[in-house]
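Letters go in sequence order (proteins before strands), and every chain restarts at 1.
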Number of protein chains: 2
Amino acid sequence: MTTRRDAVHDTLRKSEGFRSAQDVYAEMRLHGAKIGLTTVYRALQALADGGQVDVLRTDDGESVYRACATGSHHHHLVCRRCGRTVEVAGPAVERWAEMVGSEHGFTEITHTVEVFGTCASCSAAAKAG
Amino acid sequence: MTTRRDAVHDTLRKSEGFRSAQDVYAEMRLHGAKIGLTTVYRALQALADGGQVDVLRTDDGESVYRACATGSHHHHLVCRRCGRTVEVAGPAVERWAEMVGSEHGFTEITHTVEVFGTCASCSAAAKAG
DNA sequence: GCCGAAATGAAAACGGTTGTCAAAATCCGC
DNA sequence: GCGGATTTTGACAACCGTTTTCATTTCGGC
């Protein structure tokens, strides 16, 4: 039965950025869904396993998820103030990762890249404040 | 007083790869050090703030630390089987991160890059097994 | 030695995540 | 449709790394 899993996926699709499991759970409850936190966690894990969602860890160790239309590989540029997220492709980085890996005899290379910064509006706000 | 902090730093230096806070704590106790877990955490945070140690999050949300000779920026190539770690420099990646950030109007750009793979001996072992 | 400030550490609190287990839903053969 | 096996669900508790609390200890200056 994937009804609940689909519901979780839908909720994630409606969201713009990354959402934590607890966020997703809270939102689903708000919309009247009868679902438990446990099931949300399980659904998210299943979706992540199946490559239907991106997962990443925030600096404080929370897992955040994001619906991902295609399985295409990309990275994220995240504003450290407002959390705004931009997807960025980095073929150069992909190649670099492969290269440094194979240079050292590593195989089956994967990599995680997260770029953090302060976005234009937030840095403007910071200067103003 | 940085006595404890130095002790933590020393312990980390004696270790080869990344160690968790609890690891460091356990090891220090083994060696007879009278130190509390709280202090280890505080020391590690202070060292990380000062750039004397690298910090990264494992996939299960644990923070791991590693003594870092210089404050120079580098990344890590980690074997997903044995945990062996190689420090790699990636000027190309640094420039790429800066570029994608500024392209989108972001400032104060930082980034995290971790490359995972299976190291030569582990992949050999896998084929053998 | 004495005082205030900073550091320390034991224990409790915290928070996200995972496990437990009984109840409910679903599937299957009939 | 029906009974039983199987899977899914979710409330709750356990878990675990981390952080906070707060009383105690230590340090620096006098």
Expressed as a whole number of angstroms, how long is the span from B/D6:CG to C/dT8:P?
11 Å
Would the distance check show the side chain of A/R19 and the main-chain N or O of A/A67 forming a donor-acceptor pair, the cut-off being under 3.5 Å?
no
Looking only at atom types and distance, does a side-chain atom of B/T39 sit under 3.5 Å from a main-chain N or O of B/I35, one as donor and one as acceptor?
no
If you round to the nearest 0.5 Å, how far is CD of B/Q52 from NE2 of B/H9?
6.0 Å
The contact string for nucleotides 13-23 of chain D, one letter per nucleotide 5' to 3', using protein heavy atoms under 4.0 Å with B, S and - for base, sugar-phosphate only and none, comes out as ----SBBB---
Spatial distance of atom CG (A/L77) from atom NE2 (B/H111) [nearest 0.5 Å]
12.5 Å
C/dT17 C1' sits how many Å from A/Y25 OH, rounded?
14 Å
Is the closest side-chain heavy-atom distance between B/V55 and B/L47 below 4.5 Å?
no
Once you round it to whole Å, what is the distance between P of C/dA10 and CZ of B/R29?
6 Å
Do B/W96 and A/V113 touch side chain to side chain, with heavy atoms closer than 4.5 Å?
yes
Whole angstrom is fine here: how far is it from CG in A/D49 over to C1' in C/dT18?
15 Å
Using only side-chain N and O atoms of A/R4, determine if any of them is under 4.0 Å from OP1 or OP2 of D/dG10.
yes
Atom-pair distance (CZ on B/R5; P on C/dA7), nearest Å
9 Å
Starting from C1' on D/dT25, measure out to NZ on B/K34 and report it in whole angstrom.
15 Å
